[in-house]
Participant: 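Supplied in structure tokens, the structure appears directly below.
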Amino acid sequence: MPNKNYILEMFPYPSGNIHMGHVRNYVIGDICARYHKLKGDEVLHPMGWDAFGLPAENAAIQFKTHPRDWTLSNIDNMKSQLQKLELDLDWDRELATCNEDYYRYQQELFIDLYNAGLAYKKDALVNWDPVDQTVLANEQVIDGKGWRTGAKVEKKTLSQWFFKITDYAEELLSDLDKLKLWPGKVKTMQKNWIGKSTGAEINFKISNKNEFLNIFTTRPDTIYGATFIAVSINHPIVAKYQTKTEIENIRREFEKVDTEKEKVGFRLNIDCDHPIVNKKIPVYIANFVLDTYGEGAIFGCPAHDERDFQFAKKYSLPIIKVIDCDDNALPFTETGTLINSPLLNGLNKDDAIKKILIFLEKKGIGNEKINFKIRDWGVSRQRYWGCPIPVIYYEDGSFRVLDKSELPVLLPYDVDLMGKGNALLNLDKWRKIICPQTKKIAFRETDTLDTFVDSSWYYIRFLNNKLDKPFDREQVNKFLPVDKYIGGIEHAILHLLYSRFFMKALRDIYDLKVDEPFEQLFTQGMITHKTYKTKNNEWVMPKEVISKDGNLLREKTKEIIEEGPSEKMSKSKKNVIEPDEILDNYGIDATRIFMISDSPPDRELEWTDEGIQSSKNLVNRIERYFSQEMTDLKNDTEKKVEKFVHDIEKNILNFSLNKCVADIYTLFNYLEKEKVYLSNSMLSNKIIICLFPILPKLSLSLNKFLFKSSEINEWPSIKLELLIEDKINLPIQINGKLITTILTRKGYEEEEILHKVYQLDKIKLKIKEKKAIRVINVQDKIINIIIS
RNA sequence: GCGCCAGUGGCGGAAUGGUAGACGCGCUGGUCUUAGGAACCAGUGGGCAACCGUGGGGGUUCGAGUCCCUCCUGGCGCACCA
């Protein structure tokens, strides 16, 4: 039975054209896939389209086309561009997430998630992107801005659908350890995002009321130092004790200050009882308390927290030191011995936490708590071009999740996209229905699913894209996880975390045997190019720039051009190279070589004209080499070829593809220098097979020319015995410094070789009248003579 | 601020603790050519040399680009996470 090997590159959004970043991504995957096929593996290497999403709606408005037409024609175009690259893809497995035969099964999965309690609806304070007019998940907000639009995100309370990713927080975190073949960097980012911390929940009683205010803390040991409580402006308690107008006023005040620099607060007219000491402590609304973390409320211990200290200073609140330290060291945030804490005096942090937890639990006002930063995944989007959520609402406000038999809920084609907001909301003829079960008037859910839902399971659908259910259990167990998943690091959290959640959720719903979707993750580096600007700060395309008398000029206008640093290719900076033009000018093989040659695949690659040209030269050179008449072999020719096979294989497996290129140069440098021409020999056959994953077109044509065959044979096995060198250049050091080398056979006798070494002029000169006091012989590696 | 990664010729980059700079680009000189984004040959870390060289300083070791400590610089991530 052959090994299964699922090799997958992140599928593209059909924006209209393939760019160089895609080319690099897919060439890397293609080399792996071709290699593994030659090794006899059962290789899965599919491709599809992440086809829902906002750009289609924006384009619809801009170009007066329909999102569906725009998307499908982009797919057409990009597919033909990919085919021009002649990638070894299973096009039979192609899918596009915007097609009914994909999203209807996603609707089934939604129902499954709902029935499993993993999808729910609630009113929530959510992130609103005012430009795209839709809600965003927490993961899609970067520095308070929308990840696509860069617009400042607003907070809104809306009724929204959520996926309960928090149910899997612990497993998503602990399973990161199983992902041995993921970059550590990505794992760290996910770890930080999940944000597990262990501490305590403490219930503070509101003075003179039968109400409690819960806070989360990782430092319950400092409870005696608590001198105030602070809550977020969005905390429910605030709405209870302040009027709406007051809250809005406070919100405006908060917006005026930079929270990082200034802590401000407003006194809420309630106090809390300290849980241990008989005293009241004031409650504030503070700008620095996050509503999205813990309980949205904290106790302030100014002596031992930087922020609380600033706050206490500003509002003249007491500062009680409870950890032994110098008064000048306040706020002292490290650990130490507890003081001023009757129950805990003399204890260290860990013991104090243990003891206080027991105390709180006994009194029933607190307990140990593990808190996660990650929140549930908000999946509702107020947009047309996405997967409809299979839910209907009745006039009384209740809702019903549809049965699978009622699917699909098709996205209607005839919509008016020119209006503001979600086009589905205004489409009564689609929205309003008679519920087939209750015969009551009902309205369809008009929100669609976040497109990250689409990409959370597409790698499963590839296993059988024509099946009349989402997937087949046996196939999933057989072919998953994806063995090598290749894509950009920008999805470190978003797509990769959501997919991991989906895999686990589906595992539990369907009793699958797969815990993680992606066994190995490889993140390829981006492609950069020098940037060019006129004196008027106008960006200029590289191909418009010519060099003349040491100056750079814009060819048409003769304006002086300034060269800027190499940056990620982007349309806005015009430093873009079009794959189509490169393929036309240099061909597929040269393009592939350049994609892997100048730097390791996980690092940046700078596009240069010299780079692509020398790649082309290499392809021509190999072709020229094989057109020569056969000559006799040299002694070591077979050995060199074996080494080539061995090195190429090792370097493909490690993703050290830049070294594969070096291996090719090394081999042909040797062959040409020694004037050994192999023509249609067995050795040529081996070489051509090894070139095939990297240079498929050339290899096929050489194979046809030399061997009259259109089949590339299987990957050659290596004759290990040929790789062993029997003679070596043994380095000779004196006091650890290299003096000379001596050619000798392996397995030499130490005495015999030393005798020879001492005869060498260079060694004699160094030793002179001095004495060798020690000789270190690392057999077959090095000899180091220590002299006094 | 915290965390991670990296710093090697003019440039991109190679080096299980054992000959630093593989391989490529660029450059220099030459050959061939009507011509060349071609091809071929020779050279290319610095220094006249002894020698010196992997961001700086220290350490471990017979031996350090590689391991440890420390500082500097750059990149990335996180960032009031209580």
Side-chain angles (χ1 to χ4, degrees), chain A residues 142-143 183-197 199-200 215-220 222 226 230 232 258-263 286-290 292-301 304-308 310-311 333 371-374 489 492-493 566 585-586 593-594 597-600 602-606 608-618 620-621 624 647 651 656 658-669 672-673 728-742 773-787:
Chain A
I142 316 287
D143 289 336
K185 195 178 173 182
V186 175
K187 289 194 276 187
T188 307
M189 284 166 74
Q190 293 209 357
K191 190 176 166 209
N192 290 340
W193 184 260
I194 296 166
K196 179 181 180 176
S197 46
I215 64 95
F216 173 75
T217 178
T218 53
R219 296 297 302 272
T222 62
S232 143
D258 178 356
T259 318
E260 192 88 45
K261 294 196 184 97
E262 204 179 351
K263 311 292 178 239
N287 65 340
F288 66 93
V289 180
L290 301 171
T292 53
Y293 186 77
E295 304 285 338
I298 59 150
F299 76 68
C301 177
H304 305 292
D305 183 283
E306 182 69 44
R307 300 149 296 180
D308 299 349
Q310 282 182 42
F311 192 79
T333 56
N371 187 66
F372 289 95
K373 193 181 91 168
I374 191 172
I489 198 162
I493 292 178
S566 206
N585 288 333
Y586 297 93
I593 282 277
F594 184 52
S597 61
D598 273 8
S599 43
D602 56 348
R603 280 199 230 168
E604 279 183 4
L605 172 70
E606 184 176 4
T608 59
D609 291 344
E610 291 84 359
I612 184 68
Q613 184 56 50
S614 63
S615 301
K616 179 67 185 169
N617 293 346
L618 176 62
N620 290 340
R621 180 177 161 192
R624 221 168 30 237
D647 290 349
N651 288 326
S656 301
N658 54 322
K659 287 190 248 168
C660 287
V661 180
D663 295 335
I664 296 173
Y665 277 110
T666 305
L667 177 71
F668 285 94
N669 286 349
E672 290 183 333
K673 178 148 191 134
I728 46 164
N729 254 327
L730 188 71
I732 311 297
Q733 293 181 333
I734 287 183
N735 290 344
K737 286 187 180 179
L738 180 78
I739 305 302
T740 186
T741 62
I742 183 168
I773 52 173
R774 192 178 161 193
V775 173
I776 292 129
N777 171 39
V778 183
Q779 187 67 38
D780 298 340
K781 277 272 165 65
I782 201 162
I783 286 181
N784 189 6
I785 301 167
I786 311 303
I787 60 173

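Reckoned from all heavy atoms, side chains included, excluding hydrogens, waters and symmetry mates. The chains referred to below are lettered A, B, ... by the order of the sequence lines, with proteins before strands, and numbering in each begins at 1.
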Participant: Any base atoms under 4.0 Å from E260(A), or only sugar-phosphate, or nothing? Heavy atoms, all strands.
Facilitator: base
Participant: How is D663(A) classified with respect to the nucleic acid when contacts are heavy atoms under 4.0 Å: base, sugar-phosphate, or nothing?
Facilitator: nothing
Participant: So do L618(A) and F668(A) actually touch side chain to side chain, heavy atoms under 4.5 Å?
Facilitator: no
Participant: Looking at N784(A) and C62(B), is any side-chain donor or acceptor paired with a base atom of the opposite kind under 3.5 Å?
Facilitator: yes
Participant: Would you classify F668(A) as touching base, sugar-phosphate or nothing, given that sugar-phosphate means primed atoms plus P, OP1 and OP2, and contacts are heavy atoms under 4.0 Å?
Facilitator: nothing
Participant: Answer with base, sugar-phosphate or nothing: what part of the nucleic acid does F288(A) contact at a heavy-atom distance below 4.0 Å?
Facilitator: base
Participant: Can you tell me the pairing partner of A20(B) across any strand shown, Watson-Crick or G-U wobble, with both distances under 3.5 angstrom?
Facilitator: none
Participant: The side chain of K673(A) is closest to which nucleotide in this list: G24(B), A42(B), A82(B)?
Facilitator: A42(B)
Participant: Classify the side chain of Q733(A) versus the base of G18(B) as yes if they form a donor-acceptor pair under 3.5 Å and no if they do not.
Facilitator: yes
Participant: Once you apply a heavy-atom cut-off of 4.0 Å, does D609(A) come out as touching a base, just sugar-phosphate, or nothing?
Facilitator: nothing
Participant: Any N or O donor-acceptor pair under 3.5 Å from the base of U16(B) to the side chain of K781(A)?
Facilitator: yes
Participant: Just to be sure I understand the rule, does T741(A) reach a base, reach only the sugar-phosphate, or reach nothing, if contact means heavy atoms closer than 4.0 Å?
Facilitator: base
Participant: Ignoring hydrogens and angles, are the base of A39(B) and the side chain of R621(A) linked by a donor-acceptor pair under 3.5 Å?
Facilitator: no
